[in-house]
Amino acid sequence: MSTFGTHFRVTTFGESHCKGVGCIIDGCPPGLALTEDDIQPQLTRRRPGQSNLTTPRDEKDRVTILSGTEFGHTLGTPIGLTVPNQDQRPHDYTETDLYPRPSHADWTYLLKYGLKASSGGGRASARETIGRVAAGAVAEKFLKEAYGTEIVAFVSSVGKVAMPFIEEQSETGVPSEEFVEMLSTITRESIDTEATRCPDKEISKKMTQRIIEAKEANDSIGGTVTCVIRNVPTGLGEPCFDKLEAKLAHAMLSIPATKAFEIGSGFGGTQVPGHLHNDAWVQKVGRKGQKVLGTKTNFSGGIQGGISNGENIYFRIGFKSPATISQEQKTTSYNGVDGVLATRGRHDPCVVPRATPIVEAMAALVIMDAVMVQLARQGAAQLLPPMPDTPLRPAPFVMAVPGGQAIKVDETKPKTE
């Protein structure tokens, strides 16, 4: 389906070479200050033609808010966002009338629907992600204003060229302290200084060289994107099937060209015995100066039992080498006759530099939806009479409530009016 979320619902629409693409956001809280200027920066970071490392397709990707706001604030009604397709070249795809492109969705869409878009991959094109990024920018603004949540994604590897922490984790099995510290300080501004969106300048140079090598050979190369979510509200995630990491995995693997997902220590954590891998509890100082429980290490990646614990959430996504390459490829036509396909469409030699805002957007949609589910539960709980003395909750216990406040629950004695 084309809809994501339960309480904060996003439906994307449009194909890569139709008149435009966009999304409908249903469930956005009323009163959020919102204009096109809040959404455009992320779309600009996603747009094609940013450098010689990306597709030359020339799209400005200017967003227009069609509905759901008035006087610069959300009304609580569905928000319609649209972006026109300007640099269309359907004639670049006439060969797909004869041949299904290797590793594309041409054949599988035909099997599913009995027909397919005639150009550019249709809904399977990465152009569909414009609606996701636009909606993610709206969700991210709410999370930033309500909780100070920050989401930053960066390129951590291209082909076999990788940032040091990836190699270190493969050797030790767990993330290094330097990597964990970097996740607490890294910013989008520091990432965007590099065309590759890798924060390590020396590694970025090697990544650039690898991407250019692929481009000059009319080939492509894959890579990974690492993402961190900071200042995450606690208690997010729904046991048992909608655990927060499961929702994140769902979101990330719905992005075109993704093939892998790991969170926290990931596969490396399978190499480490439990006494070294367990995250011990310690008392910390919260963002607002209050005392809170936290973990000494964060191999769990900020999620335990499928529920956020307040630590940074971090994960890594693997993107395959783009399937569209400007090389002749031996293949078979729709009627089973062997032939040669020469693709003329424009494409990214490596998708990961432009994938970072898409990853950030999908992360924002997951957290936003989980926040609204939790706020609904907490709001309903506040309508009930106070609980009597019970061992169900240790005392004192601090629980977040709607509006960003907190209540201190002391169950050592019953509450009275």
Side chains of Leu143 and Ile367: does their closest heavy-atom pair fall under 4.5 Å?
-> yes

Do the non-hydrogen side-chain atoms of Leu248 and Ile303 ever get within less than 4.5 Å of each other?
-> yes

Lys288 backbone acceptor or donor facing Gln290 side chain under 3.5 Å | yes

Salt bridge (Lys or Arg N to Asp or Glu O under 4.0 Å) pairs touching residues 131-148, sequence neighbours excluded, are Asp38-Lys141, Glu128-Arg132, Glu140-Arg188, Lys141-Glu145, Lys144-Glu150

Steps toward side-chain contact (heavy atoms from CB on, under 4.5 Å) verdict (Lys215, Cys350) = CA-CA 9 Å; Lys215 182 177 181 180; Cys350 182; over 6 Å; no

Can you check whether Phe261 and Phe315 have ring centres sitting under 6.0 Å from each other?
-> yes

Any salt bridge between Glu238 and Lys247, counting N to O under 4.0 Å?
-> no

Taking all non-hydrogen atoms of both residues into account, name the closest pair between Thr297 and Ala280 and its distance.
-> OG1-N, 4.4 Å

Listed partners of Gln327 passing side chain to side chain contact (heavy atoms under 4.5 Å, CB included), at least two apart = Asn218, Asp219, Ile325

CD on Glu15 to NZ on Lys116, rounded to 0.5 Å | 12.5 Å

Side chain to side chain contact (heavy atoms under 4.5 Å, CB included) test vs Pro199 passes for just one of Thr193, Ile186, Val155, Val152, namely Ile186

Return the set of residues passing salt bridge (charged side-chain N to carboxylate O under 4.0 Å, His left out) with Asp200 (not counting sequence neighbours), or none when no residue passes.
-> none

Measure across Gly339 and Tyr99 and return the closest heavy-atom pair with its distance rounded to 0.1 Å.
-> CA-OH, 3.5 Å

When you look at Thr208 and Thr196, which way does the side chain to side chain donor-acceptor pair (under 3.5 Å) test go after all the steps?
-> CA-CA 7 Å; Thr208 298; Thr196 61; 4.9 Å; no

Determine, step by step, whether Leu341 and Arg101 satisfy the side-chain contact (heavy atoms from CB on, under 4.5 Å) criterion, reporting the C-alpha distance in whole Å, the side-chain angles of both residues, the deciding distance to 0.1 Å, and the verdict.
-> CA-CA 8 Å; Leu341 173 66; Arg101 293 168 294 174; 3.6 Å; yes

Trace of the side-chain contact (heavy atoms from CB on, under 4.5 Å) decision for Arg210 with Ile221 = CA-CA 8 Å; Arg210 182 64 187 91; Ile221 191 65; 3.4 Å; yes

Check: Thr356 and Ile191 side chains under 4.5 Å, non-hydrogen atoms = no

With the side chain counted from C-beta on, respond yes when Glu360 and Arg45 share a heavy-atom pair under 4.5 Å apart, and no when they do not.
-> yes

Distance in Å, Phe165 CZ paired with Leu183 CG, rounded so as to fall on 0.5 Å steps | 7.5 Å

Any pair counted as side-chain hydrogen bond (donor to acceptor under 3.5 Å, both in side chains), so long as it reaches residues 157-175, sequence neighbours left out = Ser157-Thr224, Glu168-Ser176

Closest heavy-atom pair, Pro102 versus Ala323, reported as atoms and distance to 0.1 Å, is O-CB, 3.7 Å

Main-chain N/O of Pro322 paired to Ser220 side chain as donor or acceptor, under 3.5 Å | yes

Identified side chain to side chain contact (heavy atoms under 4.5 Å, CB included) partner of Ile39 from the options Val133, Val83, Thr44, Ile65 | Ile65

Using modelled atom types only, decide if a donor and an acceptor are shared between the side chain of Thr149 and the backbone of Asn231 within a distance under 3.5 Å.
-> yes

When you measure from the side chain of Ser300 to the backbone N and O of Gly302, does any donor-acceptor pair fall under 3.5 Å?
-> no

Side-chain heavy atoms of Val180 within contact of Phe299, under 4.5 Å | no

What's the shortest heavy-atom distance between Gly72 and Thr35, and which atoms?
-> CA-CG2, 4.3 Å

Polar side chain donor-acceptor pair, Arg123 to Ser2, under 3.5 angstrom | yes

Could you walk me through whether Val10 and Thr3 pass the side-chain contact (heavy atoms from CB on, under 4.5 Å) check?
-> CA-CA 5 Å; Val10 176; Thr3 299; over 6 Å; no

Modelled atom types, side-chain donor and acceptor of Thr324 and His104, under 3.5 Å = yes

Counting distance only, does the side-chain N/O of Thr64 pair as donor-acceptor with the main-chain N or O of Leu66 below 3.5 Å?
-> no

Flag the pair Leu34 / His73 as yes when at least one side-chain heavy-atom distance between them is below 4.5 Å, and no otherwise.
-> no

Are the charged groups of Lys201 and Glu194 less than 4.0 angstrom apart, N to O?
-> yes

How far does SG of Cys227 sit from CD1 of Ile229, to the nearest 0.5 angstrom?
-> 5.0 Å

Kindly state each residue pair satisfying side-chain hydrogen bond (donor to acceptor under 3.5 Å, both in side chains) with at least one member in residues 263-275, sequence neighbours excluded.
-> Ser265-His277

Should we count OH of Tyr334 as having more than 12 external heavy atoms under 6.0 Å?
-> yes

With no hydrogens and no angle check, is any side-chain donor or acceptor of Thr258 less than 3.5 Å from a backbone partner on Met252?
-> yes

Could you check if a side-chain atom of Ser254 sits within less than 4.5 angstrom of a side-chain atom of Met362, using non-hydrogen atoms only?
-> yes

For Pro353, does its backbone N or O pair with a side-chain atom of Arg197 as donor and acceptor, under 3.5 Å?
-> yes

Between Thr185 and Arg230, which heavy-atom pair has the shortest distance, and what is it?
-> N-NH1, 3.9 Å

Please check if the side chain of Tyr314 supplies one atom and the backbone of Asn298 the other of a donor-acceptor pair under 3.5 Å.
-> yes

Can you tell me how far the OG atom of Ser190 sits from the CE atom of Met182, to the nearest 0.5 Å?
-> 9.0 Å

Pair Arg46 + Asp61: basic N to acidic O under 4.0 Å | yes

Taking Thr295 for its side chain and Val282 for its backbone only, find out whether a donor-acceptor pair lies under 3.5 Å.
-> no

Heavy-atom side-chain contact between Val138 and Leu32 under 4.5 Å | yes

Under 6.0 Å between ring centres, would you say that holds for Phe142 and Phe8?
-> no

For residues Ile24 and Pro78, report the shortest heavy-atom separation together with the two atoms involved.
-> CG2-CB, 4.1 Å

Taking atom types as modelled and ignoring hydrogens, do the side chains of Ser308 and Thr234 form a donor-acceptor contact shorter than 3.5 angstrom?
-> no

Contacts of type salt bridge (charged side-chain N to carboxylate O under 4.0 Å, His left out), residue Glu202, not counting sequence neighbours | Lys205

Are His250 and Phe4 an aromatic pair by the rule of ring centers under 6.0 Å?
-> yes

Quick one: does Asp369's side chain have a donor or acceptor within less than 3.5 Å of a partner on Leu365's backbone?
-> no

Verify whether one side chain among Ser156 and Thr226 offers a donor that lies under 3.5 Å from an acceptor in the other.
-> yes

Trace of the salt bridge (Lys or Arg N to Asp or Glu O under 4.0 Å) decision for Lys284 with Glu311 | CA-CA 11 Å; Lys284 294 184 174 181; Glu311 300 292 336; 3.0 Å; yes

